[in-house]
Amino acid sequence: MLDKTYDPADIEPRLYEGWEKSGAFKAGRNAGGEPFTIVIPPPNVTGSLHMGHALNNTLQDILCRFERMRGRDVLWQPGTDHAGIATQMVVERQLAQSGENVSRRELGREEFVRRIWAWKEVSGGTITRQLRRLGASCDWSRERFTMDDGLSAAVRRVFVTLYKEGLIYKDKRLVNWDPHFLTAISDLEVESRETKGKMWHIRYPVEDSEESIVVATTRPETMLGDSGVAVHPDDERYTNLVGKSVILPLTGRRIPIVADNYSDPEKGTGAVKITPAHDFNDFEVGKRHDLEQIAVLDVHAHIVDADFIPAAYRGLDRFEARKKIVGDLEAQGFLVEIKDHVLMQPYGDRSGVVIEPMLTDQWYVDAATLAKPAIAAVEQGDTSFVPKNWDKTYFEWMRNIQPWCVSRQLWWGHQIPAWYGPDGHVFVEETAEAAQAAATAHYGQETALTRDEDVLDTWFSSALWPFSTLGWPEETDVLKRRYKTDVLVTGFDIIFFWVARMMMMGLHFMKEVPFHTVYIHALVRDEKGQKMSKSKGNVIDPLDLIDRFGADALRFTLAAMAAQGRDIKLATQRVEGYRNFATKLWNAARFCEMNECRLAPGFAPAAAGHTINRWVLGEAERVTAAVVDALETYRFNEAAGAVYQFVWGTFCDWYLELIKPLLNGEDEAVKAETRATAAHVLDRILVLLHPFMPFITEELWRKMAEGAAVTRETDLVLAPWPVADAGLADPAADAEVGWVIGLVTEIRALRAEANVPAGARLDLVLVAADADVRARVGTHGDLISRLARLESIAFADAAPKGSVQLVVAGTTAALALGDVIDLAAERKRLEKEIGKAEQDLAKIEAKLANPAFTAKAPPEVIEEQQERREAALQTRGKLSDALARLIASL
RNA sequence: GGGCGCGUAGCUCAGUGGGAGAGCACUACGUUGACAUCGUAGGGGUCGCUGGUUCAAUCCCAGCCGCGCCCA
């Protein structure tokens, strides 16, 4: 006997462990099936499960479980990435707090990296453990890590190949420099934040002239590195100055005034100082006019100790330098004006410090070249986005892609396979030995080499994930069988990180796209629509929800809310609601169990005879088809909605109620058929619901088999998905059961409205019933009585005096209320009903009276309207009769 | 400034060229041994505004207003 309530905490961990141990999630288990492959977007090894992960992985799991049941050979490839900066940060912090009080530099590279690995062994499995709690059916036996030997080999192969193809090169360009971590970071790790700042107007005297030009800047300290002043070529205020020079205050350097479109006459003074070594725009302007690149900040963002810098500023932090420079400019009369100014300032998303554009030597990938085939692939539809319009974002980014800086000044990551000779000549090879051999050949003798200290951007290895995890560069069978993979499921904020880079690398090295579909899901926000963030304190922890409501409830909530193209505003109440849904299902199963509804051997739905059973079997097929259709097109919310409605609204609310009299009845044949049908439909529900709520369904699947004459071939996780059989639809049964439901509903409504005590049993009289109605009452009279709390059902030509009347599907039904009836209230009710019917009728008639409508509307629409008019007329007529009789009896 | 998207019941959101929906919240009443994590019933919406296309617009188109996100 099932417990009275379902306790997820008790069941979920046990079931998951069982699935994993039994190898249910293993790829290749069903080697004959068509492969279905998803690579997980690798979470950060330092991470823990947040709501975004919960959504992302729930959707992947739904697809995987669905396809696994449909007979595909599913591989959900799990793993994590090594998250260069984040991981290094964690371990550095640990070092600082451990009492050892050593920095990583004191520790040395080798020892520091060893410590990181040690940390990873102990703490790196957090998120994968949490994914298990969510129920994710990953093939853990194939778990990968971007720093694994195999994946590292892939990284080296890719780097060397691209280098030899000229698609990776070393260059001196401006990068986003993080002065806290002392490394370059990517554009995508930079967050622009609106900051209140100032706009300083500074007068630069023109050489050999009384004139001067006023420039406006938000960063006065960089004037130490100015190498020009730009004005717009059409700006008449300055035309006469172009070609002349100014003398830079404080340093006395002489720099040219140039004409360049970059300068905006509307902004500031229309004249702008150019610091090519410290600003991305200025860098471009500088290149156009051949201006000097003068670096004035060091890696810590302190003013460099150089001859051309006045001694007073050397070594100052950039913000102190600003204060001092502004003060000195003012003292010397060069400061014209200070205005408040709101600017977008770049911050490192991990360090939180202001990012400094810095001129450094870095390794770059020629992303523009790699992007071309990646753009074409989406244009041709080799890969498509769902929802489709995300391709615009992809195209936009890909078509404006910049060289990708892939080197990082970190110790944790794939060290760049480049070695330098004494003269700085570089040898890029997969191994030290190969590099040495190349050097020997180059120099004509053994020559000592030093390896490049830097490591690669974490995303460089993530970009290879769809093929490196399958074994590349080895030509493994798995790789051949499973590349390209099927679908990448990810959030839109990650299109640039994963999708774009996986596309570029996949196409270049595999000559084929990495996945045919990219499903982009929404962001999970809090219930007010705010992005969840630690600083706002509005984070909802998915693990907390799992503890409170169960993983099934959380998963179902996320799926039900995952409508395409809309963010999810998550309210805890919703999760609670779906927990209630799980309980509802549990109790329905409990009812079946108590009534001995067990699977019957050889049960053939098509052979079922009883109308109610035929009806529910048809509905079960309908919902099966709806779920399949929705999941095949990634409409998770529709699939979830369809099952929910069927389970609660159809199976529990009506079917189980309708069969109670049958189960308690005398007809053993009907009883047996009904039990088998109920069990069959419950079974179907468990299957349909399993991708969404794997735990409770598996538990019930096993429980329901106890005592049944049918033995389960497999656990539910591997059970075959049913093929929907449209042939089971039975319109006659639908009409009949629909009539019963309608009658019961109307009587209940009337009772409530007329304030009939809930316990009172009423006498029902059906007025002028035709043969159909009489037959239906003959079949279903008992259950109508039961569901509508009737004492008796009788037939008559006219409604008895003092009864209230209602019209259901063309039949007038009269309820004898005796003394209970409140005639005035009843009259009001009837008048209201008639009013409604008339309103309805008026709309329909207006439409039908319009000649343009009858001339142009499709026939089926016209016919439908005519039918609706008939029905409305009939209802109005009968209601009017009822009212007339009521008035007569007053 | 460029791009994407959103304004539907008190709240959170589905939805559709032809009868406005769900969940939650709210109100009333609770019976019938699956379920009070429940049942039955009820109230509640000029589908942001203005035009246009159409026989017909909440849905398609244009403009406007309000809001959000991404990029510069």
Stretch residues 737-752 of chain A: residues that reach within less than 4.0 Å of RNA chain B through a heavy atom: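 Listed by number, they are A:T745, A:R748, A:A749, A:A752.
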Please convert RNA chain B into dot-bracket. A pair counts if it is Watson-Crick or G-U wobble with both distances under 3.5 Å; crossing pairs go in [ ] and bases paired with another strand get |. (((((((..((((....[..)))).(((((.......))))).....(((((..]....)))))))))))).
Would you say the base of [N] and the side-chain of [X] have a donor-acceptor pair closer than 3.5 Å?
X	N	result
A:R789	B:rU31	yes
A:E657	B:rA34	yes
A:K392	B:rC4	no

Considering residues at least two apart in sequence or located in another chain, which fulfil the side-chain hydrogen bond (donor to acceptor under 3.5 Å, both in side chains) criterion with A:K388? A:D391
By side-chain hydrogen bond (donor to acceptor under 3.5 Å, both in side chains), which residues pair with A:D782, not counting sequence neighbours?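 Result, side-chain hydrogen bond (donor to acceptor under 3.5 Å, both in side chains) vs A:D782: none returned.
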Show, in sequence, the C-alpha distance, side-chain angles and deciding distance for A:F692 and A:Y578, and conclude whether the ring pair (Phe, Tyr, Trp, His ring centres under 6.0 Å) test is met. CA-CA 11 Å; A:F692 302 90; A:Y578 290 117; over 10 Å; no
Can you identify which nucleotide, out of B:rU31, B:rG19, B:rA34, has its nearest atom closest to the A:R868 side chain?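 So the side chain of A:R868 is nearest to B:rG19.
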Using atom CG of A:L658 as one end and atom P of B:rU40 as the other, report the distance to the nearest whole Å.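 Value for this atom pair: 12 Å.
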Can you tell me the distance, in whole Å, between the CH2 atom of A:W390 and the C1' atom of B:rG5?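 Those two atoms, CH2 and C1', are 8 Å apart.
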Considering only distance and modelled atom types, tabulate donor-acceptor pairs under 3.5 Å from the side chains of residues 659-666 of chain A, sequence neighbours left out.
from, atom 1, to, atom 2, distance (Å)
A:K660, NZ, A:E657, OE1, 3.3
A:K660, NZ, A:E657, OE2, 3.1
A:N664, ND2, A:K660, O, 3.2

Taking only residues at least two apart or on different chains, which pairs with a member in residues 628-649 of chain A satisfy side-chain hydrogen bond (donor to acceptor under 3.5 Å, both in side chains)? A:R70-A:E632, A:D629-A:R635, A:T633-A:R635, A:R635-A:E638
